[in-house]
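Hydrogens, waters and symmetry mates play no part in the numbers below; they use all other heavy atoms, side chains included. Each chain gets a letter, A, B and so on, in the order its sequence line appears, and its residues count up from 1.
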2 protein chains.
Amino acid sequence: MSDAIANLSRKEQVIRKAAELFKDKGYAAASMRDLAQLLGIEAASLYSHIKSKEEILRSLCFDMAAEFRKSLDDVEKEKISASEKLKKGIIGHIQVMAKDLTASAVFMNEHRHLSQPFLREFLLLRINYINRFKSILEEGVRTGEFKDSIDKKLAVMTLFSSLNWMPMWYDPGSAIDPSQLGQQLADMLVNGLKKNA
Amino acid sequence: MSDAIANLSRKEQVIRKAAELFKDKGYAAASMRDLAQLLGIEAASLYSHIKSKEEILRSLCFDMAAEFRKSLDDVEKEKISASEKLKKGIIGHIQVMAKDLTASAVFMNEHRHLSQPFLREFLLLRINYINRFKSILEEGVRTGEFKDSIDKKLAVMTLFSSLNWMPMWYDPGSAIDPSQLGQQLADMLVNGLKKNA
DNA sequence: CCTACCGATCGGTAGG
DNA sequence: CCTACCGATCGGTAGG
């Protein structure tokens, strides 16, 4: 069983290195020979740890999806206003991404290279997650917290765009930490840039 | 010279079809044989119109970059407030994208496959463009139009994320036209989602 | 984890 | 715009 544990952790190493490679070069342009070289082994040896290149992509994409889902589950359970839910949802999303910026970037940019039926399943998970945020927005409009003039689809896609690009530019070594980043981003989207009168 | 004109227009056809293909499959996963098939010719025949696969990517990326730049040039010339400049800059950006959503998607997602020195040049153009928006934000903070509590880097990256993801979800056949979309997006970022007291 | 290797596919060229 | 083809590289397997 110590073998099984060692195998698991080696598999983890392979997946993590693959995430970096996929992020940097894109899934299609990243070769298994590139990956093997990063790990200091031969390409053929990779296949004692993983079944295929796509299996790696699948585990990266679906593991992240599960994390996002879990985070939003917790927020929805709380008895708070829609704008508080939205803020906490945003902060939770940012924190999940911050835990693994590399996997987050792969999740966002490379999922389209999943084959069927995995791609379909992934897209269903994503649309479901987006719709849960949309429901929060709609709740906020109903309760009078948010403007009713806003286009809900536009608002939710803008929110998602902002969230999903974060792994592309956020520097984990920077002064602002993920929780502050989430707070500020939520504040910016809810309250806007303009100084209130 | 009618030959030259015919060649130019055929070259345009190749580039436009390539843009669709690069958008759908990603640059690395799109093969010249795929492209040839879409055009109803043999792969080898492509090379009488273009020099290389990357030449297509280069023209797509740099042509879009030039359009964005031009649009912002016009806005900066106007004698208007920072918040008006920001709004017009956003609307202009959206309109440039809307003129060619396919090329916009390639510009945004596939530029990283440019080889050096083109990649470097492209990234310099992009950072320059972003910094021009950042200057508008800073001007707005100076004049008291925008909050000074906002993190400028975060604000400008959020702005860009929102803008750049638009080609991924915007349906040109939808009820909302690009100019309205630009207006609403600008309003949402400047004024926020919250109903003002 | 390695050596040896496979069939498929890649971008691109030669020559017409 | 075509036929014919090139060398390189791809993901992956067999067998140890």
Side-chain angles (χ1 to χ4, degrees), chain A residues 2-61 106 110-116 118-119, chain B residues 2-61 106 110-116 118-119:
Chain A
S2 67
D3 255 25
I5 289 164
N7 263 337
L8 201 73
S9 111
R10 190 61 169 147
K11 183 172 180 174
E12 279 295 312
Q13 282 175 49
V14 170
I15 292 174
R16 292 179 74 87
K17 271 285 178 218
E20 291 173 29
L21 188 64
F22 293 172
K23 180 187 176 179
D24 289 344
K25 306 188 70 168
Y27 177 77
S31 79
M32 296 304 272
R33 282 159 178 86
D34 291 337
L35 177 55
Q37 199 174 25
L38 287 173
L39 290 159
I41 61 178
E42 292 300 316
S45 308
L46 290 168
Y47 292 88
S48 31
H49 302 106
I50 49 107
K51 288 195 197 72
S52 68
K53 187 184 179 186
E54 200 192 317
E55 186 203 41
I56 302 174
L57 183 61
R58 278 202 296 269
S59 71
L60 288 167
C61 289
V106 173
E110 309 302 332
H111 67 261
R112 62 165 155 184
H113 293 107
L114 290 168
S115 64
Q116 298 294 5
F118 306 102
L119 180 58
Chain B
S2 64
D3 255 28
I5 288 162
N7 263 336
L8 201 72
S9 114
R10 190 62 169 145
K11 183 171 179 173
E12 279 296 312
Q13 284 175 47
V14 171
I15 292 174
R16 292 178 74 85
K17 270 285 176 219
E20 290 173 31
L21 188 66
F22 293 172
K23 179 187 177 179
D24 289 344
K25 305 187 68 167
Y27 177 79
S31 80
M32 296 306 272
R33 281 159 179 84
D34 291 338
L35 177 56
Q37 199 175 23
L38 287 174
L39 291 160
I41 61 177
E42 293 298 320
S45 307
L46 289 168
Y47 293 88
S48 31
H49 302 107
I50 49 104
K51 288 196 196 75
S52 68
K53 186 185 181 185
E54 200 192 317
E55 186 204 40
I56 301 174
L57 182 62
R58 279 202 296 270
S59 70
L60 287 167
C61 290
V106 173
E110 309 301 331
H111 67 261
R112 64 166 153 182
H113 293 107
L114 290 168
S115 64
Q116 300 292 7
F118 306 102
L119 179 58

With respect to the side chain of [X], which nucleotide from [options] is positioned closest?
X      : options                  : value
E42(A) : dT3(C), dG11(D), dG12(C) : dT3(C)
S52(B) : dG12(C), dA4(C), dG11(D) : dG12(C)
R33(B) : dG12(C), dC2(C), dC1(D)  : dG12(C)
S31(A) : dC10(C), dC1(C), dC10(D) : dC10(D)
Y47(A) : dG12(D), dG12(C), dC1(C) : dG12(D)

Fill in: E54(B) atom CD, neighbour heavy-atom count above 12 within 6.0 Å
yes
Worksheet item: Are there more than 12 heavy atoms of other residues, nucleotides or ligands under 6.0 Å from atom CZ of R112(A)?
Response: yes
Taking [atom1] from [X] and [atom2] from [N], how many angstroms apart are they, rounded to a whole number?
X      : N       : atom1 : atom2 : value
F22(B) : dG11(C) : CZ    : C1'   : 12 Å
K25(B) : dT9(C)  : NZ    : P     : 11 Å
E55(B) : dT13(C) : CD    : P     : 12 Å
L46(A) : dG12(D) : CG    : C1'   : 11 Å
K11(A) : dC1(C)  : NZ    : P     : 14 Å
I50(A) : dT13(D) : CD1   : C1'   : 13 Å
Y27(A) : dC10(D) : OH    : C1'   : 12 Å
M32(B) : dT9(C)  : CE    : C1'   : 14 Å

Worksheet item: Quick one: is dC2(D) close enough that its OP1 or OP2 comes under 4.0 Å of any side-chain N or O from S45(B)?
Response: yes
Worksheet, complete the sentence: Taking for A29(A) and for K51(A) the nucleotide of DNA chain D with the nearest heavy atom, the one nearer the 5' end belongs to A29(A)
Fill in: SB check K23(A) E20(A) (cutoff 4.0 Å)
no
Item to complete: Go ahead and name the base partner of dG15(D); Watson-Crick or wobble counts if both distances stay under 3.5 Å, otherwise write none.
Response: dC2(C)
Worksheet entry | Touch class at under 4.0 angstrom, heavy-atom based, for A28(A) against every strand present | nothing
Discussion item. Could you report the tightest heavy-atom contact between H113(B) and A28(B), atom names first, then the distance?
Written reply: NE2-CB, 4.1 Å
Discussion item. Distance to the ring centre below 6.0 angstrom and angle to the axis at most 45 degrees; does that hold for K53(B) and Y27(B)?
Written reply: yes
